[in-house]
Student: 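One structure, pasted below without further comment.
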Amino acid sequence: MDLFDDLPLAADQAREPLAPGAVLLRGWARASAAELVQALQAVIAQAPLRHMQTPGGHTMSVATTSCGSLGWVSDPHGYRYAPRDPLTHQPWPAMPESFVALAQDAAAAAGYVDFQPQACLINEYGPGAKLSLHQDKDERDLSAPIVSVSLGLPAVFQFGTPNRKDRPQRYRVAHGDMVVWGGPSRLAYHGVLPVEDGDHPLLGRRRINLTFRQVDPG
């Protein structure tokens, strides 16, 4: 754990612009983290974490699940959103109210009002897990932003531009940090470098990332 993760934020540290339409909200979710983790445990009990396969046949190092009216699915047939969990064949768990409220508040703070998240992708990173540079482009509504929450172990978040050839910038994201991106940065390439080992007091040797998406036009 970073010794500075639980210190109060200075006013000029709470908001860090990344690119046009993209902002890093330092510590935004820290106060509600325990409530988020409790709700998360209930979601995982219904829809267990699993290591999905990519269309290319690779097994993801990140374990995933979802909640909301739609869930994100990856398998040899492609990437897509589905109303049912392919593992349990049941509808995805409902999105907890605490999740929705946090996502909408952060989106509004970043300038995106009326955000209506339909899916929350839950990614669990153990030591060494990573996420390669990619675009979030499976949503039919690209006018809505992506809202991301970091919990547990810190990580290095890479954020670039919609042009894959542009070198991404690197940002350290700690427990409670949020990133919101949309508008001209909606299709920016982004990823996570391999997570370093550690022991977080709330989540142990894990990093949890919640990513909220509005899939269909409102």
Side-chain angles (χ1 to χ4, degrees), residues 14-26 28-29 32 36 43 52 54-55 62 64-75 77-85 91-123 131-151 157-169 171 173 176-192 208-218:
R15 181 187 298 268
E16 183 177 343
L18 304 185
V23 62
L24 171 55
L25 301 172
R26 295 284 186 190
W28 190 269
S32 59
L36 296 174
V43 168
M52 293 185 178
T54 68
V62 173
T64 68
T65 189
S66 292
C67 63
S69 58
L70 294 169
W72 185 82
V73 175
S74 174
D75 60 25
H77 300 291
Y79 304 120
R80 63 193 181 280
Y81 287 94
R84 289 180 177 269
D85 181 348
W92 296 99
M95 195 180 302
E97 292 183 6
S98 57
F99 282 27
V100 177
L102 177 67
Q104 291 180 328
D105 286 349
Y112 300 99
V113 296
D114 299 324
F115 179 56
Q116 300 296 327
Q118 296 164 292
C120 174
L121 174 62
I122 299 162
N123 285 341
L131 201 60
S132 299
L133 286 173
H134 66 284
Q135 295 172 300
D136 289 347
K137 58 182 180 180
D138 301 315
E139 301 74 31
R140 289 179 286 273
D141 184 5
L142 295 179
S143 67
I146 300 293
V147 178
S148 173
V149 186
S150 292
L151 299 170
F157 178 65
Q158 298 188 95
F159 193 80
T161 75
N163 185 347
R164 191 181 184 95
K165 294 181 179 180
D166 290 339
R167 184 174 181 177
Q169 298 296 310
Y171 303 89
V173 287
D177 289 349
M178 298 186 67
V179 183
V180 182
W181 66 95
S185 292
R186 176 58 180 77
L187 291 177
Y189 280 90
H190 58 283
V192 177
I208 298 288
N209 180 246
L210 311 175
T211 308
F212 298 91
R213 293 100 179 271
Q214 182 172 324
V215 181
D216 298 309

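In what follows, residues are counted from 1 in the order of the sequence shown. What you see below is based on every heavy atom in this structure, not just the backbone, and it leaves out hydrogens, waters and symmetry mates.
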Student: Between Asp177 and Trp28, is any side-chain donor less than 3.5 angstrom from a side-chain acceptor?
Tutor: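 There is no such pair between these side chains.
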
Student: Walk me through it: do Tyr81 and Gln118 pass the test side chain to side chain contact (heavy atoms under 4.5 Å, CB included)?
Tutor: CA-CA 10 Å; Tyr81 287 94; Gln118 296 164 292; over 6 Å; no

Student: If you compare all heavy atoms of Pro93 against all heavy atoms of Ser66, which two are closest, and at what distance to 0.1 Å?
Tutor: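 That closest heavy-atom pairing would be CD-O, 3.6 Å.
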
Student: Below 30° counts as parallel, above 60° as perpendicular, anything between as tilted: where do the rings of Tyr79 and Trp72 land?
Tutor: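 Because their plane-to-plane angle is under 30°, the rings of Tyr79 and Trp72 count as parallel.
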
Student: Between atom CZ of Phe212 and atom CD of Gln104, what is the distance when rounded to the nearest 0.5 Å?
Tutor: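 Answer rounded to 0.5 Å: 10.0 Å.
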
Student: Do the non-hydrogen side-chain atoms of Ser150 and Met178 ever get within less than 4.5 Å of each other?
Tutor: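 Heavy-atom side-chain distance check fails, nothing below 4.5 Å.
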
Student: Quick one: pull up CE in Met95 and OG in Ser69 and give me the separation to the nearest 0.5 Å.
Tutor: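 Result: 6.5 Å between the selected atoms.
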
Student: Can any side-chain N or O of His134 pair as donor or acceptor with the backbone N or O of His190 at less than 3.5 Å?
Tutor: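 Yes; at least one donor-acceptor contact below 3.5 Å.
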
Student: Test salt bridge (charged side-chain N to carboxylate O under 4.0 Å, His left out) on Arg213 and Asp138; report intermediate values, then the result.
Tutor: CA-CA 10 Å; Arg213 293 100 179 271; Asp138 301 315; 5.9 Å; no

Student: Compare every heavy atom of Ala119 with every heavy atom of Leu70, then report the nearest pair and how far apart it is.
Tutor: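 Looking at all heavy atoms of both residues, the closest pair is O-CB, 3.2 Å.
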
Student: Is there a side-chain contact between Val147 and Pro117, using heavy atoms and a 4.5 Å cut-off?
Tutor: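 They are not in side-chain contact.
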
Student: Quickly, which of Ile146, Val179, Ile122 forms a side-chain contact (heavy atoms from CB on, under 4.5 Å) with Thr211? Name it, please.
Tutor: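 Of all the options given, the one that passes is Ile146.
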
Student: Quick one, Glu16 with Val23, criterion side chain to side chain contact (heavy atoms under 4.5 Å, CB included). Give me CA distance, side-chain angles, the key distance, then yes/no.
Tutor: CA-CA 6 Å; Glu16 183 177 343; Val23 62; 5.7 Å; no

Student: Does a donor on one side chain and an acceptor on the other come within less than 3.5 Å for Asn209 and Ser148?
Tutor: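 Ser148 and Asn209 do have a side-chain donor-acceptor pair below 3.5 Å.
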
Student: Hey, does Tyr189 have a side-chain heavy atom less than 4.5 Å from the side chain of Pro162?
Tutor: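 No, every pair of side-chain atoms sits at 4.5 Å or beyond.
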
Student: Has His77 got a side-chain atom pairing as donor or acceptor with Asp75's backbone, closer than 3.5 angstrom?
Tutor: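 Not at all, since once roles are kept as given, no pair shorter than 3.5 Å links the two residues.
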
Student: Under 3.5 Å, side chain of Arg186 to main-chain N/O of Asp136, donor-acceptor pair present?
Tutor: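 Yes, because the side chain of Arg186 sits within donor-acceptor range (under 3.5 Å) of the backbone of Asp136.
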
Student: Give the intermediate values and the outcome of side chain to side chain contact (heavy atoms under 4.5 Å, CB included) for residues Leu131 and Asn123.
Tutor: CA-CA 10 Å; Leu131 201 60; Asn123 285 341; 4.2 Å; yes

Student: Quick one: CG on Leu121 to OG1 on Thr65, what's the gap to the nearest 0.5 Å?
Tutor: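 One gets 8.5 Å once the value is rounded to the nearest 0.5 Å.
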
Student: Where does the angle between the aromatic ring planes of Trp181 and Phe159 fall among parallel (under 30°), tilted (30 to 60°) and perpendicular (over 60°)?
Tutor: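 Plane angle over 60°, so perpendicular.
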
Student: Gly191 and Phe157: which non-hydrogen atoms are nearest, and at how many Å?
Tutor: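 Between these two residues, the closest heavy atoms are O-CD1, 3.4 Å.
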
Student: I want to check something: taking the side chain as every heavy atom from C-beta on, are Pro145 and Phe115 in contact at a cut-off of under 4.5 Å?
Tutor: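 Contact flag for Pro145/Phe115 side chains = yes.
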
Student: Short question: side chain of Ser185, backbone of Pro20 - any donor-acceptor pair under 3.5 Å?
Tutor: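 The answer is yes, because a donor-acceptor pair under 3.5 Å joins these two groups.
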
Student: Examine the side chains of Thr161 and Asn163 and answer whether a donor and an acceptor come within less than 3.5 Å of each other.
Tutor: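 Their side chains do not contain a donor-acceptor pair, so the 3.5 Å distance test is not met.
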
Student: Between Tyr112 and Gly21 (side chain of the first, backbone of the second, donor and acceptor by atom type, cut-off under 3.5 Å), is there such a pair?
Tutor: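 The answer is yes, because a donor-acceptor pair under 3.5 Å joins these two groups.
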
Student: Start with the C-alpha gap between Arg15 and Leu25, add the side-chain angles, then the distance that decides, and say whether side chain to side chain contact (heavy atoms under 4.5 Å, CB included) holds.
Tutor: CA-CA 5 Å; Arg15 181 187 298 268; Leu25 301 172; 4.2 Å; yes

Student: Do Gln214 and Asp216 have side chains that approach each other closer than 4.5 Å (heavy atoms only, starting at C-beta)?
Tutor: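 No; the side chains remain at least 4.5 Å from each other.
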
